[in-house]
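Quick notes on the structure that follows.
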Amino acid sequence: MDRFLPSRIEKCPLIDALIEFRFEAAIAKSAVFGVIYNLIRNDYRGNVINLPILQIPEQIREVDPNLKFKPLYRVEGDKFIIQIGYDVLSISSKMPYVGWPEFSQHSLSLINKIIQEGIIKRVSRLGHRYINFFRGDITNSLTMSFSMTEKYVSENLLIRTDVRDGNFMNTLQFANNANYRPNPNTSEIVGSLIDIDTSREYSDNFFIENREQEINMAHECEKKLFFSLLKPTFLETLNPTFEK
């Protein structure tokens, strides 16, 4: 895109921001959670929550590709939530979003501790997932479009596509009739959802040797795609602050 990227948006539409590391453990899988938890417990003082997937036998989880990289435990800190499995670690920002500088520094600090402790052999996949929710139907405010043959009008739009950016793959999903409940005590809101999962897979130690660069590059790819979707007139309604 030709215009500068905003450094922040006053009317931030983010409802979820997550960084995920899939890895090959260097220790017994059953010990991964305990060792990682001992490293992070000063930052994450909330109760350890056993996630429902633990009810599925380990033998089934390990052979099912849809379950293998699912986290097993969840722990909350003041600003972040961490989820840990045998082969996966994810860090998410509580809402309102803390901003990329703090989120990236915290995530990098955690993965540095885990690597230095010798818990993992290598990272096999890095993923950034950002989900944005807007009230109402914003289809006409986006740079992408969808059309059907004459006499047909689409009412409930759901689009999924993969968009490559260098070494990273962006999985983009858009829906114009999504339901979102800000918290358990509020009613559901109907609106539009932009969900971008930016990822890169690794077959060697490249991520471990270049982890700060890779984390920042994944974020930059996601950010470029997100802002490329918004028409300038719509972006202005979100009160952006621009960076050069």
Side-chain angles (χ1 to χ4, degrees), residues 6-20 44-56 66-67 70-83 90-100 102-103 106-107 127-148 152-161 170-198 219 222-223 225-241:
S7 56
R8 64 182 296 273
I9 295 177
E10 183 180 328
K11 299 178 180 179
C12 183
L14 266 176
I15 60 172
D16 195 15
L18 176 145
I19 299 177
E20 180 193 75
Y44 291 83
R45 298 180 180 274
N47 293 329
V48 176
I49 299 173
N50 293 348
L51 297 176
I53 193 173
L54 275 169
Q55 299 175 13
I56 301 175
N66 296 315
L67 301 177
K70 295 293 185 183
L72 307 176
Y73 306 95
R74 171 188 169 105
V75 192
E76 290 195 19
D78 293 334
K79 296 182 179 180
F80 304 97
I81 299 169
I82 191 168
Q83 296 190 107
S90 70
I91 306 157
S92 56
S93 170
K94 289 184 174 180
M95 296 293 121
Y97 182 50
V98 298
W100 178 245
E102 185 174 355
F103 188 28
H106 181 74
S107 300
H128 281 227
R129 189 173 185 185
Y130 279 60
I131 302 176
N132 295 269
F133 180 85
F134 303 84
R135 289 176 178 267
D137 183 356
I138 66 165
T139 304
N140 293 331
S141 299
L142 302 181
T143 57
M144 66 178 182
S145 61
F146 174 82
S147 61
M148 298 184 67
Y152 292 97
V153 178
S154 174
E155 295 184 358
N156 298 323
L157 186 61
L158 178 61
I159 296 174
R160 182 189 185 282
T161 186
N170 297 291
T171 298
L172 166 65
Q173 297 184 82
F174 171 74
N176 70 346
N177 190 28
N179 294 317
Y180 170 59
R181 189 187 300 274
N183 62 67
N185 299 319
T186 60
S187 301
E188 283 191 342
I189 304 169
V190 179
S192 301
L193 202 68
I194 296 178
D195 179 342
I196 301 176
D197 184 3
T198 302
H219 175 257
E222 181 278 331
K223 186 175 180 179
L225 177 58
F226 173 73
F227 284 113
S228 76
L229 296 172
L230 309 182
K231 290 181 178 178
T233 51
F234 178 60
L235 177 58
E236 284 302 314
T237 67
L238 304 177
N239 298 339
T241 299

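Only this structure's heavy atoms are used, side chains among them; waters, hydrogens and symmetry mates stay out. We're numbering straight along the sequence, starting at 1. Note that the structure is a prediction, hence the values are computed from the model and not measured.
Here the side chain of S7 pairs a donor or acceptor atom with the backbone of T241 at under 3.5 angstrom. Put simply, the side chain of R74 never gets that close to the backbone of V48: no donor and acceptor are under 3.5 Å apart. Checking side-chain atoms of K94 against main-chain N and O of G77 turns up a donor-acceptor pair under 3.5 Å.
Looking at N176 and S192, their side chains never bring a donor and an acceptor atom within 3.5 Å of each other.
Heavy atoms from other residues, nucleotides or ligands lying under 6.0 Å from CG of N140 number 12 at most. Heavy-atom contacts from other residues, nucleotides or ligands closer than 6.0 Å to CD of Q55 number 12 or fewer.
The residues D16 and R129 are annotated as not salt-bridged, no charged nitrogen and carboxylate oxygen being separated by less than 4.0 angstrom. Using a 4.0 Å cut-off between a side-chain N of Lys or Arg and a carboxylate O of Asp or Glu, E10 and R8 do not qualify as a salt bridge.
Here the side chains of F234 and E236 are not in contact, with every heavy-atom distance at 4.5 Å or above.
Looking at residues two or more places apart in sequence or on another chain, you find no side-chain hydrogen bond (donor to acceptor under 3.5 Å, both in side chains) involving H219.
Here the options are I194, I15, L14, the test is side-chain contact (heavy atoms from CB on, under 4.5 Å), and the partner is I131; only I15 passes.
Taking the six-membered ring for Trp, F226 and H128 have ring centres at least 6.0 Å apart. Between Y180 and F134, a ring centre-to-centre spacing not shorter than 6.0 Å is recorded.
Between Y44 and H106, the two ring planes are tilted [angle within 30° to 60°].
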